[in-house]
Chemist: 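Just dropping this structure here.
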Amino acid sequence: MPVLGIETSCDETGVAVYDGAAGLLAHAVYSQTEIHAVYGGVVPELASRDHVRKTLPLIHQALDTAGLGAPDIEGVAYTAGPGLIGALLVGAALGRSLAWAWRVPAIGVHHMEGHLLAPLLEADPPAFPFVALLVSGGHTQLVEVRGIGRYRILGESLDDAAGEAFDKTAKILGLPYPGGPALARLAESGDPERFSFPRPMTDRPGLDFSFSGLKTYALNTLRAIEAAEGEASEPSRADIARAFEEAVVETLVIKCRRALRESGLKRLVLAGGVSANRRLRARMDAAIGAAGGQTYYPRPDFCTDNGAMIAYAGWQRLRAGEHEALAFRPRARWPMETLAPLSP
Ligand code: KG4
Ligand code: ZN
């Protein structure tokens, strides 16, 4: 059952074709980074307009790569939320209309369920149940996953998401948007011993996170350096980036270990943009391995937003017989626990 997946929730246009028997047949992502970089962050209206321009050409491209024509597609999945409402509307209107024209079922996919299921596209996929750490630009959540749609939120960020904290701290350090990868690169040359940032909320029980204090910590450290040195040198900024990254990574590791211990589960899935971070992966592998657990990730391309995860999540639900009526309703906010368990 070849399913077309469309992702337009933020600043990446992603399109893919996934088939149960043949696997991933095609995927293409167009990133709007250049459009938003001059503004230092995503401008929602510009994001919507660019999705309007890019989505249909990417669909043609993905179908060509897959060697399929419209009559071969048996279902259409599109991101229905959460995300920027104008951006979501583009993919939803296009996806729903194509499904209607092609007379195939359509399904609106939850963006975070897409991220969560992305590791199942890999060669050695995790079996259920597992704990998932979702770390993206908009969400930081620990989820107990018993099956598709069987989600229990164990903890989440009370303020900034991990990716958001990376992006805001990167901005403080004068790095270009998107900040996360740029900050990770700068941190490579930083001295991990020079500054020590707090590990927020790790000294009390519970699995919630709070990352907004870390950017203030970074700002205050930068100000102190500027007071002493004048303009902060590149090595000094690298030291701040390193201290910040160490703090986020160690905080995530502590909470993941705790989540596995408390849930009695052994498998840990990481997904979302921040799960591409190399230091996070290395530290998590070491810590979870030492505790007798196992870690799973999507390939780096599928950590950040993409169409493959939406095609896959949609395929899972469509093949279980789910589909939606002709009307569609994208949602800027959409709690993941409200999703229906997949019928067997
Ligand atoms: O999942 P994603 O593409 O979009 C959302 O659903 O939000 O995640 C984007 C986030 C951004 O905040 C970006 O800075 C962060 O993931 N990110 C990283 C890295 N790559 C992407 N953060 C830290 N290290 C990275 N290597
Ligand atoms: Zn995402």
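One-based numbering, in listed order, for ligands and for the atoms of each. All values reported here derive from a predicted model rather than from experimental measurement.
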Chemist: How far is atom 7 (O) of ligand 1 from its nearest protein heavy atom, and which residue and atom name does that atom have?
Modeler: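 Nearest protein contact, heavy atoms only, for atom 7 (O) of ligand 1 is G137 N, 2.7 Å.
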
Chemist: Any Lys/Arg nitrogen of R150 or E144 sitting under 4.0 Å from an Asp/Glu carboxylate oxygen of the other?
Modeler: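 No, R150 and E144 are not salt-bridged.
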
Chemist: Heavy atoms, side chains only, cut-off 4.5 Å: are D305 and V29 in contact?
Modeler: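 A side-chain contact under 4.5 Å is absent here.
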
Chemist: Do me a favour and list the nearest non-hydrogen protein atom to atom 24 (N) of ligand 1 with residue, atom name and distance?
Modeler: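 Scanning the protein heavy atoms, the shortest distance from atom 24 (N) of ligand 1 goes to N277 ND2, 3.0 Å.
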
Chemist: Please list, chain by chain and in numerical order, all residues satisfying salt bridge (charged side-chain N to carboxylate O under 4.0 Å, His left out) with R261, sequence neighbours excluded.
Modeler: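 So R261 forms no salt bridge (charged side-chain N to carboxylate O under 4.0 Å, His left out) with any residue.
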
Chemist: Students should be able to answer this: which protein heavy-atom is nearest to atom 20 (N) of ligand 1, and at what distance?
Modeler: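 Of the protein heavy atoms, G273 O, 3.4 Å lies nearest.
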
Chemist: Are any of the heavy atoms in E245 under 4.0 Å away from ligand 1?
Modeler: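 It does not; every heavy atom stays at 4.0 Å or beyond.
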
Chemist: Just to confirm my output: which protein heavy-atom neighbour is closest to atom 22 (N) of ligand 1, and how far is it?
Modeler: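 The closest one turns out to be G180 CA, 3.6 Å.
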
Chemist: Between ligand 1 and P181, can you find any atom pair, the residue atom being a heavy atom, that is separated by under 4.0 Å?
Modeler: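 Distance cut 4.0 Å: P181 passes for ligand 1.
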
Chemist: Need the ligand 1 atom indices (1-based, order shown) with element for anything under 4.0 Å from a heavy-atom of H115.
Modeler: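 Listed by number with element, the hits are 1 (O), 6 (O).
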
Chemist: At the 4.0 Å heavy-atom cut-off, does R278 count as touching ligand 1?
Modeler: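 Contact check R278 vs ligand 1: negative.
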
Chemist: If you take the centroid of each ring, where Trp contributes its six-membered ring, are Y217 and F244 closer together than 6.0 Å?
Modeler: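 No - the distance between ring centres of F244 and Y217 does not fall below the 6.0 Å cut-off.
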
Chemist: As an exercise, identify every atom of ligand 1 less than 4.0 angstrom from a heavy atom of G163.
Modeler: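 The atoms of ligand 1 under 4.0 Å from a heavy atom of G163 are 12 (O).
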
Chemist: Looking only at protein heavy atoms, which one is nearest to atom 6 (O) of ligand 1, and what is the separation?
Modeler: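 Scanning the protein heavy atoms, the shortest distance from atom 6 (O) of ligand 1 goes to H111 NE2, 3.1 Å.
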
Chemist: May I ask you to say whether K215 pairs ionically with E164, meaning some side-chain N is under 4.0 Å from a carboxylate O?
Modeler: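 No, no charged N to carboxylate O under 4.0 Å.
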
Chemist: In the protein, which heavy atom is nearest to atom 2 (P) of ligand 1, and how far is it?
Modeler: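 Answer for atom 2 (P) of ligand 1: D305 OD1, 3.4 Å.
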
Chemist: Looking at the rings of H27 and F302, which for Trp means the six-membered one, are their centres under 6.0 Å apart?
Modeler: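 Between F302 and H27, which both carry aromatic rings, the centre distance is below 6.0 Å.
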
Chemist: Run the side-chain donor-acceptor check on residues 284-296: report pairs under 3.5 Å with partners two or more places apart or on a different chain.
Modeler:
from : atom 1 : to   : atom 2 : distance (Å)
D285 : OD1    : T295 : OG1    : 2.7
D285 : OD1    : Y297 : OH     : 2.6
Q294 : OE1    : Y296 : OH     : 3.2

Chemist: Extract all donor-acceptor atom pairs below 3.5 Å that involve side chains of residues 118-125 and protein atoms in other chains or at least two apart in sequence.
Modeler:
from : atom 1 : to   : atom 2 : distance (Å)
E122 : OE2    : R299 : N      : 3.1
E122 : OE2    : R299 : NE     : 2.9
E122 : OE2    : R299 : NH2    : 3.4

Chemist: Could you please give the number of protein N/O/S atoms within less than 2.8 Å of the Zn ion (ligand 2)?
Modeler: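 That number is 3, waters not included.
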
Chemist: Assess, by modelled atom type and distance only, whether the side chains of S233 and E231 contain a donor and an acceptor separated by less than 3.5 Å.
Modeler: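 Side chains of S233 and E231: no pair found under 3.5 Å.
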
Chemist: Would you check whether E12 has a nitrogen or oxygen atom less than 3.5 angstrom from a nitrogen or oxygen atom of ligand 1?
Modeler: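 Between E12 and ligand 1, no N or O pair is found under 3.5 Å apart.
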
Chemist: Between ligand 1 and G138, can you find any atom pair, the residue atom being a heavy atom, that is separated by under 4.0 Å?
Modeler: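 It does; at least one heavy atom falls under 4.0 Å.
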
Chemist: Here's one to test your reading of the geometry: is the NZ or CZ of K255 within 45 degrees of the ring axis of F209 and under 6.0 Å from its centre?
Modeler: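 Yes, K255 and F209 form such a contact.
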
Chemist: Do V131 and V145 have side chains that approach each other closer than 4.5 Å (heavy atoms only, starting at C-beta)?
Modeler: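 V131 does not reach V145 side chain to side chain.
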
Chemist: Should one rank V249, T304, D167 by closest heavy-atom distance to atom 14 (O) of ligand 1, which comes out on top?
Modeler: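 Heavy atom nearest to atom 14 (O) of ligand 1 belongs to D167.
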
Chemist: Is the shortest side-chain N to carboxylate O distance from R242 to D191 below 4.0 Å?
Modeler: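 So R242 does not pair with D191 through a salt bridge.
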
Chemist: Compute whether any side-chain donor of one residue and acceptor of the other, for S31 and E12, lie under 3.5 angstrom apart.
Modeler: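 Yes, a side-chain donor-acceptor pair sits under 3.5 Å.
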
